[in-house]
Amino acid sequence: MALYKKPDFWSLKAQKEGYPARSIYKLKEIDEKFTFFASSRNQGGQRILDLGAAPGSWSLYVLRRYGSQPLCLTAIDLLTLSRRFDGGLFDREDFFFIQGDFTSEAVRAELENRGPYTALISDAAPGTTGTRTVDTLRSLALAEEALGYAKRCLSPGGNMVIKVFQGGDTAALLKEMRTCFNSVKSFKPAACRDNSFETYYIGLGKK
Ligand SMILES: C[S@@+](CC[C@H](N)C(=O)[O-])C[C@H]1O[C@@H](n2cnc3c(N)ncnc32)[C@H](O)[C@@H]1O
């Protein structure tokens, strides 16, 4: 039987402000602290890829942040997006959602065809097993896959953020990111749960 989790400060705030998940505040803090989207080089509008997008808070943040400015947002998840708070934003022509696995060949080809991207955001996380070594390995595999997308279809000057579970060989991932970006930071936003071992790696200025 699934355990009921009492909504906490961040989850309640998200619902009040029209987002399906607390994760919105992680991206917002990253954006504000690192001028993440503003510093991502773009000519003629942002083209953003959101990996692991459901239930949709990060995509909603991007759509609301850009309003009527030129934008093309592509999002993917194994699951569907929540339509509870989007007020029709997910029907916009500049938003494109794929339900699928971004590690599969077919989806990879489709996502790459929609690039190049000016920014890549990945909050993708595996379903957790409770065994930390298994969970960190799976999370690392998703983060490496996301970095692969950045290498292949993020434009020069573009920024990326990826979620990783700490543990495992995250040092190797950071090292690889440093070869691709002018600056790489590790950052744990305030909205991460106290007992969570997730953190975010931020690559600024793709070489
Ligand atoms: C923490 S949630 C993302 C929350 C989202 N950023 C938001 O703000 O609403 C992690 C998501 O990663 C997705 N995911 C994990 N592996 C995936 C894969 N291989 N392909 C697509 N999505 C994946 C999961 O289905 C899950 O919805």
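Atoms within a ligand are numbered from 1 in the order they appear, just like the ligands themselves. Because the structure is predicted, anything quoted here is derived from the model rather than measured.
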If you compare A125, S139, A54 by their heavy atoms, the one closest to atom 5 (C) of ligand 1 turns out to be A54
Test of ring centre spacing under 6.0 Å for Y201 and F187
no
Contact region, A53 to ligand 1, non-hydrogen atoms below 4.0 Å, reads backbone
When distances are taken from atom 17 (C) of ligand 1, the protein heavy atom at minimum range is L78 CD1, 3.6 Å
Check: Quick one: does F102 get an N or O within less than 3.5 Å of an N or O on ligand 1?
Finding: yes
Q) Would R152 count as a cation-pi partner of Y149, with NZ or CZ less than 6.0 Å from the six-membered ring centre and within 45° of the ring normal? A) yes
Q) Has G56 got any heavy atom lying under 4.0 angstrom from an atom of ligand 1? A) yes
Min heavy-atom dist P20 to ligand 1 below 4.0 Å: no
Just checking K33: does its NZ atom have more than 12 heavy atoms from other residues, nucleotides or ligands closer to it than 6.0 angstrom? no
(request) Check whether any N or O atom of I24, backbone or side chain, sits under 3.5 Å from an N or O atom of ligand 1, and answer yes or no. (result) no
Honestly, for S23 the part within reach of ligand 1 (heavy atoms, under 4.0 Å) is side chain
Heavy-atom proximity to atom 25 (O) of ligand 1, picking from I76, L142, D77, L51, points to D77
Polar side-chain atom of D94 near backbone of C72 as donor-acceptor pair, under 3.5 Å:
no
From the list K188, K26, R193, salt bridge (charged side-chain N to carboxylate O under 4.0 Å, His left out) with E198 holds only for K26
Counting from 1 in the order shown, the ligand 1 atoms closer than 4.0 Å to a non-hydrogen atom of G100 are 20 (N), 21 (C)
Q.
Tell me whether R65 forms a cation-pi arrangement with F37, defined as NZ or CZ under 6.0 Å from the six-membered ring centre and within 45 degrees of its axis.
A. no
Q. Hey, does S59 sit under 4.0 Å from ligand 1 if you only count heavy atoms?
A. no
Below 3.5 Å, N or O to N or O, backbone or side chain included: is there any such pair between D50 and ligand 1? no
For Y19 together with F85, are the ring centres under 6.0 Å from each other? no
With sequence neighbours left out, the residues meeting salt bridge (Lys or Arg N to Asp or Glu O under 4.0 Å) with D135 are none
Atom 10 (C) of ligand 1: closest protein heavy atom, distance to 0.1 Å, is D123 O, 3.4 Å
closest protein heavy atom to atom 19 (N) of ligand 1 is D101 OD1, 2.8 Å
Under 6.0 Å from the ring centre and within 45 degrees of the ring axis: does the NZ or CZ of R132 meet both conditions for the six-membered ring of F165?
no
